[in-house]
A.B. asks: 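Sharing a structure here in structure tokens format.
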Protein chains: 4
Amino acid sequence: MKVIVDICIVPIGVGVSLSPYVAACEKILISAGLKTVLHANGTNVEGEWDTVFAAIKRCHETLHEMGAPRIHTTMRVGTRTDRLQTMDDKVSSVKDKLAAQ
Amino acid sequence: MKVIVDICIVPIGVGVSLSPYVAACEKILISAGLKTVLHANGTNVEGEWDTVFAAIKRCHETLHEMGAPRIHTTMRVGTRTDRLQTMDDKVSSVKDKLAAQ
Amino acid sequence: MKVIVDICIVPIGVGVSLSPYVAACEKILISAGLKTVLHANGTNVEGEWDTVFAAIKRCHETLHEMGAPRIHTTMRVGTRTDRLQTMDDKVSSVKDKLAAQ
Amino acid sequence: MKVIVDICIVPIGVGVSLSPYVAACEKILISAGLKTVLHANGTNVEGEWDTVFAAIKRCHETLHEMGAPRIHTTMRVGTRTDRLQTMDDKVSSVKDKLAAQ
């Protein structure tokens, strides 16, 4: 089952500068062979369900090892069986509608 | 690794009445031996990371089998290494602060 | 326009104990005359759109005044025009389905 | 108070093709003079709190007028008082960390 996940990982108890932790997660997701697109409030990831969630688990484990005592993550998770749809397809679909107006 | 997840599963393309799908997920989570607390905008679940996410995957698979062509799920995922904390602890902690004011 | 919001406010840069901040928000929401239900990963709120979002803005302002340099909030926001539905209705609707199985 | 919001608006009860609705919201946000960045699972918006949330309210009103009987929106909302930070700053901050590794 293919999945597209928008993930935002917030370590708590490590001060206000979170980018080193986000960068560590980014590396984990990329090392897992996943396609990722970083944005201002999270990272979009595309891949097989098990690969994606194994990588997300490693993100939590790694951030705890880096010293974060508490982690608060939010995700949007999308699956569909009617057709294949990539992250690029989702963005193009909206842009086409905007261009047609 | 223990995890507390707040999950809200929204099947898309099956009309506006979503409660049969939410109930199906509730059954899956309970069958997995997880502690669950249903609320107005989701279900809180507590358990071991792998058990929780295996059950969530089954929710997606089951809703697709029930006819949902597309599923949009949102989650809040919390882990901590500084101390054990249950869902009940989290609610009590806030209620204690409110009572003390 | 009536709205049901599930809000989770996470102050960043104030350590790992967040319950004093959650309690402060709870008081603001209640003082605004809103119906609230606290749960393990947030608070469900029901009311008129403008009242709800004015109270949420006050939560952010108040937490900053309490010393939080950064705030990360997530919300689920639901509106519907087909029928009136309260938070209690949403929970009952799922519980009825579970009981009927 | 400046705010950065990541918003994902899902109309329910209008089938599986949601891009016309997302495009309508995109137009509303842009018409409000807000900076927006569309991504695969939502839109990032940057602006003054009141302007941003007034536009989000118009998105809900407009989608209901377009025929959506029910709308499920999720948001990540960030404010900070320690320093000004734009959406571009947030992405650059992570990319700099990745490049330095």
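Numbers restart at 1 for each chain; the letters A, B, ... are given by sequence-line order, proteins then strands. No hydrogens, no waters, no symmetry mates; every other heavy atom, side chains included, goes into these values.
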A.B. asks: Partners of D/Cys25 by side-chain contact (heavy atoms from CB on, under 4.5 Å), sequence neighbours excluded?
C.D. replies: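 In terms of side-chain contact (heavy atoms from CB on, under 4.5 Å), with neighbours along the sequence ignored, D/Cys25 is linked to D/Ile9, D/Cys59, D/Leu63.
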
A.B. asks: Can you give me the closest heavy-atom contact between C/Pro20 and C/Met66, atom names plus distance?
C.D. replies: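 Heavy-atom minimum between the residues: O-CE, 4.0 Å.
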
A.B. asks: If the cut-off is 3.5 angstrom, what donor-acceptor pairs do you find between chain D and chain C?
C.D. replies:
unit_1: D/Asp50; atom_1: OD1; unit_2: C/Lys57; atom_2: NZ; d: 3.0
unit_1: D/Asp50; atom_1: OD2; unit_2: C/Lys57; atom_2: NZ; d: 3.2
unit_1: D/Lys57; atom_1: NZ; unit_2: C/Asp50; atom_2: OD1; d: 3.0
unit_1: D/Lys57; atom_1: NZ; unit_2: C/Asp50; atom_2: OD2; d: 3.2
unit_1: D/His60; atom_1: ND1; unit_2: C/Thr79; atom_2: OG1; d: 2.8
unit_1: D/His64; atom_1: NE2; unit_2: C/Thr79; atom_2: OG1; d: 2.7
unit_1: D/Pro69; atom_1: O; unit_2: C/Thr81; atom_2: N; d: 2.8
unit_1: D/Pro69; atom_1: O; unit_2: C/Thr81; atom_2: OG1; d: 3.4
unit_1: D/Ile71; atom_1: N; unit_2: C/Thr79; atom_2: O; d: 2.9
unit_1: D/Ile71; atom_1: O; unit_2: C/Thr79; atom_2: N; d: 3.2
unit_1: D/Thr73; atom_1: N; unit_2: C/Val77; atom_2: O; d: 2.8
unit_1: D/Thr73; atom_1: O; unit_2: C/Val77; atom_2: N; d: 2.7
unit_1: D/Met75; atom_1: N; unit_2: C/Met75; atom_2: O; d: 2.9
unit_1: D/Met75; atom_1: O; unit_2: C/Met75; atom_2: N; d: 2.9
unit_1: D/Val77; atom_1: N; unit_2: C/Thr73; atom_2: O; d: 2.7
unit_1: D/Val77; atom_1: O; unit_2: C/Thr73; atom_2: N; d: 2.8
unit_1: D/Thr79; atom_1: N; unit_2: C/Ile71; atom_2: O; d: 3.2
unit_1: D/Thr79; atom_1: O; unit_2: C/Ile71; atom_2: N; d: 2.9
unit_1: D/Thr79; atom_1: OG1; unit_2: C/His60; atom_2: ND1; d: 2.8
unit_1: D/Thr79; atom_1: OG1; unit_2: C/His64; atom_2: NE2; d: 2.7
unit_1: D/Thr81; atom_1: N; unit_2: C/Pro69; atom_2: O; d: 2.8
unit_1: D/Thr81; atom_1: OG1; unit_2: C/Pro69; atom_2: O; d: 3.4

A.B. asks: If we only count heavy atoms from C-beta on, is the C/Cys8 to C/Val22 side-chain gap below 4.5 Å?
C.D. replies: no

A.B. asks: So which atom in C/Val14 and which in C/Pro69 form the shortest heavy-atom distance, rounded to 0.1 Å?
C.D. replies: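 Closest heavy-atom pair between C/Val14 and C/Pro69: CG1-CD, 4.2 Å.
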
A.B. asks: Can D/Ile71 and D/Ile12 be said to form a side-chain contact (heavy atoms from CB on, under 4.5 Å), step by step?
C.D. replies: CA-CA 6 Å; D/Ile71 302 172; D/Ile12 297 173; over 6 Å; no

A.B. asks: Check whether C/Ile4 gets within reach of chain D through its side chain, its backbone, both or neither, counting any heavy atom under 4.5 Å.
C.D. replies: neither

A.B. asks: Using every non-hydrogen atom in the two residues, find where D/Ala55 and D/Leu29 come nearest and quote the distance to one decimal.
C.D. replies: CB-CD2, 3.8 Å

A.B. asks: Please classify the contact of C/Ala54 with chain D as side chain, backbone, both or neither, using a heavy-atom distance under 4.5 Å.
C.D. replies: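 When you check distances to chain D, no heavy atom of C/Ala54 falls under 4.5 Å.
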
A.B. asks: Between C/Met75 and chain D, which part of the residue has a heavy atom less than 4.5 Å away: side chain, backbone, both or neither?
C.D. replies: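 For C/Met75, heavy atoms of backbone and side chain both lie under 4.5 Å from chain D.
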
A.B. asks: Under 4.5 Å between any side-chain heavy atoms of C/Ile56 and C/Ile7, yes or no?
C.D. replies: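 Yes; the side chains approach each other to less than 4.5 Å.
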
